[in-house]
Amino acid sequence: MQIVNTEQMLKIEKQSENLGVSRKELMQNAGVAIAKRVLQICKPMDYLTECAKIVFLAGNGNNGGDCFAAAKILSSRGYISVTVINLVKKPSTQLTKEQFSLLPDRVNVITGYNPDNLSFVRSAIANADVLIDGVFGTGFKGSLDHELIEIFSFETRAYKIAIDIPSGGNASSGNVSEGCFIANETLCLGCLKFGMTQYPLKKYCGKIIITDIDIPLDAYSVVDNERGYFLLDKTSLAGFPRKRSNDAHKGSFGTALVIGGSNSMRGAAALAALGALRSGAGLVKVASVGKCIDTVSTLAPEATYIEINSDRDGFMSLDADTKKLLLKAIKKSTAIVVGMGMGVTNDTKYIVRFVIENALCPVIVDADGINCIASDINILSDRKCEVILTPHPGEMARLMKCSVKSIAENRLESAEKFAATHGVTVVLKGAGTIIADKNSTSANHTGNPGMSKGGSGDVLAGIIASAAAQGIPTYSAACAGVYIHGLAGDKAAEKYGQEAMLPRDIISCLPDAFRILKK
């Protein structure tokens, strides 16, 4: 599903005017949509029109205009307890002034929040049945002032709706100001904004409802040549899983090479291999040290194995024999995943470089593979293959030589900047996982906190490698892997609970995920 950032939404609205649907009409349509939603909420409450108390918190911009348009409609429908509280300043745009001037006298208006009015504001909010936030829209950046923070914290029994975005939220990044409005639901006008797919903003939105305000479909083409933004869904998977014809054989579904593991971290390679096998790869080969292979072979006997010599600490060593074995396997693979559980030593760094320099197929770099690259970023320059990196925030911070806090506060910017600079696909893991390459950015909504356990990322890397091995284009393979991984995680949470579920349960639930996709 296409989504937008703040700047793109402004361009789309301007193009809407060029196509004959003015901003005034969009504001009136937004008012109709808001009023309709309020009526839907009030109906199950069994409120008579003269009893329901509707309170709007209005800003001085176009979101305030949306509030005034909705208040006028509700008042005309017989709601006699409609209050508009003008916060920040009086209406500032011509459209907002016009909508404000059309409010009937029976709408109660409270202007400002000076000490003289604060008690009226508090009382109106406390007694509201439905409270609508239209203070700031998608253009908000920065911090809320102390007075607004206080007002948003007033106790209320009301059902709370945010118009387009909760005031205090950043519609592009997903960051929030202290005191951000906490909504039961957000009525998103036109289309979803990228920041609403990200935390912390997503938890302030409550239920997100996307409502049509009659923006012409052709208006969206104004951003066609810009970076595309998407929310992953079934249509994002580019034909994965592939259909299997009756005469298919193992060679029809690619060969995934898993390079990872060590004496002390054997499970990582096993989880990646099982993830690749369970998601349809025709052949899966595991290259690792002997003790790791002993473990993995009992868990994944369907795979084949390449034993690599180890150093005295049990990590893979790169000698002439290893190079020959790896080069032969690399040439026969249609996708490679490297890094999980391999440790960071001089030899493992050389192995990661060797793989990237020699591979012609997509290479997925995960976990310690990312840490190996972080100390020698030029590895990414010397390649003929496409590369997918799957960092968590800590690994992303190492790649970008910054703090984890900086990554957490700038997830979107970090993923996009690194992807564009190095010509790779970045899968920045976490709630609302971001997938970015030089042209597109997607956000994921499947998955749950039960997946926050060591090993879940190894499974993901294996699934992405399987999709790439089967010929799915690199960016689409990353998107498909993330979406299906989260979907399987959701099924695992249903079966075992978030506390008890394990990464291996995600693998066990991959068949459930694929069945859902085929419905």
Side-chain angles (χ1 to χ4, degrees), residues 6-7 9-18 20-38 54-77 79 82-114 117 120-121 124-125 128 130-142 144-145 147-148 151-152 160-171 181 183 186-190 193 211-215 219:
T6 303
E7 292 74 20
M9 194 67 227
L10 290 173
K11 292 177 183 178
I12 290 165
E13 289 173 352
K14 184 176 181 180
Q15 184 67 359
S16 175
E17 284 192 295
N18 296 335
V21 182
S22 68
R23 289 179 186 270
K24 180 178 179 179
E25 289 174 281
L26 293 179
M27 184 174 287
Q28 291 170 335
N29 294 341
V32 170
I34 295 162
K36 181 179 179 181
R37 183 60 188 147
V38 171
I54 315 299
V55 177
F56 291 88
L57 303 177
N60 64 335
N62 287 343
N63 260 41
D66 298 338
C67 286
F68 304 145
K72 177 177 177 290
I73 293 168
L74 288 168
S75 179
S76 70
R77 291 290 297 268
Y79 282 79
V82 178
T83 299
V84 170
I85 303 173
N86 278 339
L87 297 177
V88 188
K89 297 176 183 176
K90 290 184 179 180
S92 61
T93 71
Q94 189 58 41
L95 278 177
T96 306
K97 289 177 182 177
E98 182 179 339
Q99 292 298 329
F100 184 71
S101 70
L102 295 173
L103 285 175
D105 292 339
R106 59 182 174 271
V107 172
N108 181 34
V109 177
I110 303 173
T111 301
Y113 49 77
N114 58 62
N117 286 340
F120 296 108
V121 173
I125 291 173
V130 182
L131 180 67
I132 300 102
D133 161 35
V135 181
F136 294 117
T138 56
F140 177 85
K141 295 178 182 177
L144 297 172
D145 62 34
E147 290 83 1
L148 276 176
I151 289 171
F152 287 166
K160 297 191 288 184
I161 304 173
I163 299 174
D164 221 10
I165 186 171
S167 291
N170 186 309
F181 186 85
T186 297
L187 198 61
C188 195
L189 306 178
K193 285 70 182 178
T211 187
D212 182 21
I213 54 172
D214 291 336
I215 295 173

Q | Test side-chain contact (heavy atoms from CB on, under 4.5 Å) applied to D214 - qualifying residues, sequence neighbours left out | A | N29, D212

**Q.** Minimum side-chain heavy-atom gap E13-M9 below 4.5 Å
**A.** yes

Q.
Using the salt bridge (charged side-chain N to carboxylate O under 4.0 Å, His left out) criterion, which residues pair with K141? Sequence neighbours excluded.
A. E7

**Q.** Pairing residues for S167 by the side-chain hydrogen bond (donor to acceptor under 3.5 Å, both in side chains) criterion, not counting sequence neighbours
**A.** D133

Q.
For a quick test of reading the model, state the closest non-hydrogen atom pair linking K24 to L95 and the distance between them.
A. CB-CD2, 3.5 Å

Q. Shortest non-hydrogen contact from I213 to L26?
A. O-CD2, 3.4 Å

Q: Sequence neighbours left out, what passes side-chain hydrogen bond (donor to acceptor under 3.5 Å, both in side chains) with Q28? Give chain and number order.
A: none

Atom pairs and distances, side-chain donor-acceptor, residues 101-109, under 3.5 Å, sequence neighbours left out:
{"from": "S101", "atom 1": "OG", "to": "E98", "atom 2": "O", "distance (Å)": "2.6"}
{"from": "R106", "atom 1": "NE", "to": "S75", "atom 2": "OG", "distance (Å)": "2.7"}

Q. Side chains of N86 and N60: does their closest heavy-atom pair fall under 4.5 Å?
A. no

Q | Check: D164 and C188 side chains under 4.5 Å, non-hydrogen atoms | A | yes

Q) L187 and I163: side chain to side chain contact (heavy atoms under 4.5 Å, CB included), yes or no, with the steps? A) CA-CA 5 Å; L187 198 61; I163 299 174; 5.7 Å; no

Q. Is any side-chain heavy atom of V135 closer than 4.5 Å to a side-chain heavy atom of F140?
A. no

Q.
List the residues meeting side-chain hydrogen bond (donor to acceptor under 3.5 Å, both in side chains) with N63, not counting sequence neighbours, and say none if there are none.
A. none

**Q.** Counterpart residues, ring-ring contact (aromatic ring centres under 6.0 Å, His included), relative to F181 (two or more places apart)
**A.** F152

(Q) Checking the side chain of T83 only, and the main-chain atoms of V55 only, is there a donor and an acceptor separated by less than 3.5 Å? (A) no

Q.
Tell me every residue that passes side-chain hydrogen bond (donor to acceptor under 3.5 Å, both in side chains) with S76, counting only those two or more places apart in sequence or in another chain.
A. none

Q) Do T96 side-chain atoms and G61 backbone N/O form a donor-acceptor pair below 3.5 Å? A) yes

**Q.** All salt bridge (charged side-chain N to carboxylate O under 4.0 Å, His left out) counterparts of K36, not counting sequence neighbours
**A.** none

Donor-acceptor contacts under 3.5 Å from residues 65-74 side chains, at least two apart:
none

Q: Could you tell me which residues satisfy side-chain contact (heavy atoms from CB on, under 4.5 Å) with A171, sequence neighbours excluded, listed by chain and number?
A: T6, T138, I165, K193

